[in-house]
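Report on the following structure.
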Number of protein chains: 2
Amino acid sequence: MAELPSTTGSPMPSFPKVDIHTHVYPESYMTLLRSRSTVPYIYDPPSNAPSRLIILSSDDNPSIPKENRGRPVDSSYYDVNEKLSFMRTHNITTSVISLANPWLDFLSPDEAAFWATKINDDLNALCESQAPHSGTLLNESSLLFAFGALPLSAPSTDIIANEINRMSSLKYIRGAIMGTSGLGKGLDDPGLDPVWAALESTQTLLFLHPHYGLPNDAFGGKETIERYGHVLPLALGFPLETTIAVTRMYLSRVFDRFPRLQILLAHSGGTLPFLAGRIESCIAHERKFVVNGGDVEGPGKSIWDVLKQNILLDAVVYSEVGLKAAVHGAGSVDRVLFGTDHPFFPPLNSKEETWLSVTMNQNAINSAFGEDSESAKAILGGNAARILKLDA
Amino acid sequence: MAELPSTTGSPMPSFPKVDIHTHVYPESYMTLLRSRSTVPYIYDPPSNAPSRLIILSSDDNPSIPKENRGRPVDSSYYDVNEKLSFMRTHNITTSVISLANPWLDFLSPDEAAFWATKINDDLNALCESQAPHSGTLLNESSLLFAFGALPLSAPSTDIIANEINRMSSLKYIRGAIMGTSGLGKGLDDPGLDPVWAALESTQTLLFLHPHYGLPNDAFGGKETIERYGHVLPLALGFPLETTIAVTRMYLSRVFDRFPRLQILLAHSGGTLPFLAGRIESCIAHERKFVVNGGDVEGPGKSIWDVLKQNILLDAVVYSEVGLKAAVHGAGSVDRVLFGTDHPFFPPLNSKEETWLSVTMNQNAINSAFGEDSESAKAILGGNAARILKLDA
C-alpha cells in the first residue's frame with residue numbers, strides 16, 4: 001500500500017481537511033468503564049500490562065484470560081494530545097470527535113440523562129479548550145468540534161428530545177452520534193418519532209454508527225469468528241448492521257414522515273450504495289406491498305432520493321471501488337465526507353508513522369478524483385466545513 | 001422505472017444475450033419436493049388454489065395457513081416452454097440454467113449421489129432437447145446450457161469429486177452451482193479441498209449462490225422481518241451470506257491453495273466489491289495475523305487479485321451504482337455477466353409484459369456503458385459465450 005509522503009514538520013494543507021469519524025472516550029467515561037465488570041468495561045491487569053477495553057460481547061470470552069480479551073487501550077483513546085498529534089501527522093485541520101461505541105446504550109434508565117449531560121458538556125469543553133488556536137488553523141476555525149451522545153435508555157423520549165435541544169445550543173456540538181439499537185427495538189420503532197422530530201426541528205445531524213454487528217451464527221459460530229480475529233465481525237458485520245438499520249428506517253417510512261432528517265452513515269453507508277438497487281427491486285417485487293390488485297406500494301420516497309436528500313456518507317471505505325460507489329450512490333461528491341475511525345485500527349507495526357487505515361482512505365480519494373482536485377478537497381474537508389458550519 | 005421498448009415480434013439481437021443466472025426445478029425435483037413436508041417442500045392445497053413452494057425456513061411459519069406460506073409456484077418453475085417464452089420476451093438468446101436453491105443440500109447421505117446424477121442428466125437432456133434450433137440463434141449455438149448440482153451431503157467427498165468429473169463430460173453442462181453451506185460447515189472447511197481440487201482440475205466454474213440468509217435476530221427478529229415480507233432477508237441477507245461465504249474461503253486461503261479455481265458470485269458478489277477494501281484493511285489491522293512482531297500476514301493473494309483472477313460476478317445488482325462498482329471491483333468489464341434470476345421476482349402486476357427485475361439490470365448496463373456499446377455487449381453475452389465456451 002502506498003503511503004502518504006512523510007509529513008513531519010510539513011505545513012497544514014492549504015484547504016481544510018476535516019475528520020468527521022474520529023472517536024474519544026473522555027476521562028469520565030473511562031472511569032465509568034473501569035467501574036464495570038460486564039461489557040462494556042475496562043480491565044486493568046495487576047501487572048504492568050496494558051489495560052484492556054472489552055466492548056464487544058463476542059470479545060468477552062471466558063476461555064480467554066482477561067488480560068488478553070478485547071483490545072489494548074492506551075492514551076490515544078482519551079488523551080486529547082494524542083488526538084492532536086494524530087491530526088498533525090495526517091495533516092488534519094479539524095476533527096469532529098464523537099463518543100465511541102457503545103456510547104450510553106448500556107446505562108440503566110436512571111443514569112442515562114446524567115451521563116448524556118456530562119459527556120456532552122465534557123466534549124464541548126474539550127473542544128473549547130483547543131479553540132481558537134490561531135496560526136495553525138485555516139480561517140482560525142477551531143481544531144475540534146463534536147457529535148454529542150444521546151440518553152437513549154432514559155425512561156422517556158422527552159428526556160432524549162430535551163438533550164437534543166440542549167446540545168444543539170452548545171457551541172461546539174455539531175450533531176449527535178447513535179447506534180442501531182435505538183430504544184432497544186431498532187430504528188423502525190415508532191417510539192423513536194419524538195427523537196426524529198427533535199433531530200429534525202433542531203436540524204441536528206445524526207451520525208449513525210454500528211456496534212452490535214450480527215449474530216455469531218451468521219459467520220458460522222464463535223469458533224469460526226475467532227479463527228480470523230475481528231475480521232468477519234468488523235469487515236462484514238458492522239457494515240451490514242448499518243445497512244439493516246437504515247433500511248428498516250426507510251421501510252418504516254421515517255424519511256417520509258421526517259423529510260428534513262439528516263443522517264450521516266458510518267463506513268460509507270455500510271453496503272447501502274451497493275445494495276440500494278436490490279432493496280428497490282425487492283420492494284417492487286414484494287407481494288406484501290401489493291395494493292389495488294397489482295401495483296406495489298413501498299415507502300413514498302425512493303431509496304435513491306433518500307440517499308440524495310437525507311443521507312450523508314463518510315469516506316471510510318478503504319478502496320477506490322467503494323468510494324466511487326459511495327459518491328455515485330450519494331448522487332454527488334458533495335455528500336461524502338472524509339474520516340479516519342481513529343483511534344481504532346492503529347498500525348500494528350510501530351515503525352509506521354502514518355496510519356495505514358488513514359492512508360488507504362486518503363489514497364482512495366486521490367486516485368478516484370486526483371490529488372488536489374476540487375472533488376478531493378470537497379470530500380477531504382470542504383463538505384464537512386459547509387455542512388457542519390465549522391467556520392461559524 | 002423506465003422499461004425496455006416493447007419487444008413483441010422483434011428479432012433476436014445481433015449479438016448473443018446470455019442469461020447465466022436463471023433457475024429451474026426439473027419435474028423430477030418438483031416430485032421430490034411434493035413428497036416432503038418439511039422445508040424445502042411444495043404444498044398442493046385441496047382447493048384449486050395455486051401450489052406453494054416453501055423453501056426458506058423463515059417462510060414455514062405455523063401461524064400462517066399452508067396455502068399462504070412461501071410463494072405460489074407455477075409452471076415457470078419447471079416448464080421449459082415458459083423459460084423459452086421468457087427468453088423471447090427479453091431477447092435472450094441463450095440461458096445457462098441451474099437448479100434453484102436449496103439444490104440437493106437437504107438430502108440424506110444415501111440419496112445424494114442418486115439425485116445429483118438424476119438432476120444433472122435431466123438438465124443435460126433438457127438442454128439437448130432444445131438444440132440446435134437453427135435459424136433463431138446466433139452461430140446456431142444452443143438455446144440452453146446448464147450448471148450442474150453437487151451431491152454435497154454424500155458420505156464421502158470422493159462421490160462429490162466423481163460427480164464433478166462426470167458432469168464435466170456432459171455435453172451441455174458448463175459448471176456447477178453450490179450454496180454457502182458446503183459440507184455443512186461453511187466454505188472454509190478444509191474437508192472441501194477434494195471438491196476444490198476436482199473443480200480446479202476439470203476447470204469447472206462454480207456458481208456460488210445464497211440460500212440460508214442470516215439469522216432472524218440480525219433483522220430484529222421474526223416479527224420485524226414479516227412486517228416487510230421478504231425484503232430484509234432477500235435484499236440484505238442473501239448478499240451478505242454470499243459475501244461471508246467467499247470471505248471465509250479467502251481467509252482460509254482456498255485461493256492460495258487452488259489458484260486456478262473459478263467462481264461466479266451471485267448478485268454481483270453480494271457486497272464483495274464494495275467491502276473488499278474494508279476486508280483488506282481489517283486483515284492488515286488484525287492482531288491475530290501479526291508475525292515477526294509487527295508485520296501482518298493475511299492470505300497470500302490480495303483480495304483484489306482474487307477478484308481479478310478467481311472471481312466472476314453476475315450483473316444482477318439492479319442499479320447502475322452497483323453495476324459500475326462490480327465492474328470496477330472485478331477489474332474489467334470482461335468478468336461481469338448478465339443474469340435475470342428467473343423465475344424469481346416475477347412482475348406482480350400481470351399487465352406488465354417485460355419483467356421489471358430484468359429491465360432494471362438491462363437498464364443499469366445500458367446507462368453505465370451505453371446501449372449497444374462493446375462493454376454492454378460483453379456483459380450481456382460476449383463474456384459468457386467466451387468464458388463458458390457456449391459456441392463449442
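Chain identifiers are assigned alphabetically (A, B, ...) following the order of the sequence lines, protein sequences preceding nucleic acid strands; residue numbering begins at 1 within each chain. Every heavy atom of this structure was used, including side-chain atoms; hydrogens, water molecules and symmetry mates were not.
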Problem set entry | 4.5 Å side-chain heavy-atom contact, A/Y228 and B/C282 | no
Problem set entry | Atom pair CG/NZ of B/L348 and A/K288 - distance to nearest 0.5 Å | 14.0 Å
For this session: Sort B/I279 into side chain, backbone, both or neither according to what part of it lies under 4.5 angstrom from a heavy atom of chain A.
Result: both
Problem set entry | Interface moiety of B/L236 toward chain A, non-hydrogen atoms closer than 4.5 Å | both
Exercise. Is it the side chain or the backbone of B/E320 that comes within 4.5 Å of chain A heavy atoms, both, or neither?
Worked result: both
Exercise. Within a reach of under 6.0 Å around NZ of A/K185, are more than 12 heavy atoms found that belong to other residues, nucleotides or ligands?
Worked result: no
Problem set entry | Interface moiety of B/V317 toward chain A, non-hydrogen atoms closer than 4.5 Å | both
For this session: Give, as side chain, backbone, both or neither, the part of B/F344 having an atom under 4.5 angstrom from any heavy atom of chain A.
Result: neither
Exercise. Given a strict heavy-atom distance threshold of 4.5 Å, which part of B/V290 is in contact with chain A: side chain, backbone, both, or neither?
Worked result: side chain
Exercise. Does the side chain of B/R287 reach to within under 4.5 Å of the side chain of A/H230, using non-hydrogen atoms?
Worked result: no
Exercise. Side chains of B/K324 and A/K324: does their closest heavy-atom pair fall under 4.5 Å?
Worked result: no
For this session: Using a cut-off of under 4.5 Å on heavy-atom pairs, state which of A/N292, A/L275, A/V296, A/L232 scores highest against chain B.
Result: A/L275
Exercise. Should B/L214 and A/L214 count as side-chain neighbours, where that means a heavy-atom distance under 4.5 Å?
Worked result: yes
Problem set entry | Leading residue by heavy atom contact count with chain A [cutoff under 4.5 Å; candidates B/I283, B/L251, B/L323, B/L234] | B/L251
Exercise. Pick from B/E226, B/H267, B/R71: which one has the most heavy-atom pairs with chain A under 4.5 Å?
Worked result: B/H267
Seminar exercise, completed: Of A/D188, A/T243, A/T247, A/V316, the largest count of non-hydrogen pairs under 4.5 angstrom with chain B goes to A/D188
Exercise. Between A/Y212 and chain B, which part of the residue has a heavy atom less than 4.5 Å away: side chain, backbone, both or neither?
Worked result: neither
For this session: Quick one: closest heavy-atom pair of B/M360 and A/S281, and the distance?
Result: SD-CB, 3.7 Å
Exercise. Which residue out of A/G298, A/S302, A/G270 racks up the most heavy-atom pairs below 4.5 Å with chain B?
Worked result: A/G270
Seminar exercise, completed: Rounded to the nearest 0.5 angstrom, the OG1-CD1 distance for B/T224 and A/I244 is 10.5 Å
Exercise. Would a 4.5 Å heavy-atom cut-off, applied to side chains only, mark B/R248 and A/F219 as touching?
Worked result: no
Problem set entry | Non-hydrogen side-chain atoms of A/F289 and B/V231 separated by less than 4.5 Å | yes
Exercise. Is there a side-chain contact between A/S319 and B/F274, using heavy atoms and a 4.5 Å cut-off?
Worked result: no
Problem set entry | Gap between atom CG of A/L240 and atom CD of B/E241 - 0.5 Å precision | 12.0 Å
Exercise. How far does CG of A/D295 sit from CD of B/E352, to the nearest 0.5 angstrom?
Worked result: 8.5 Å
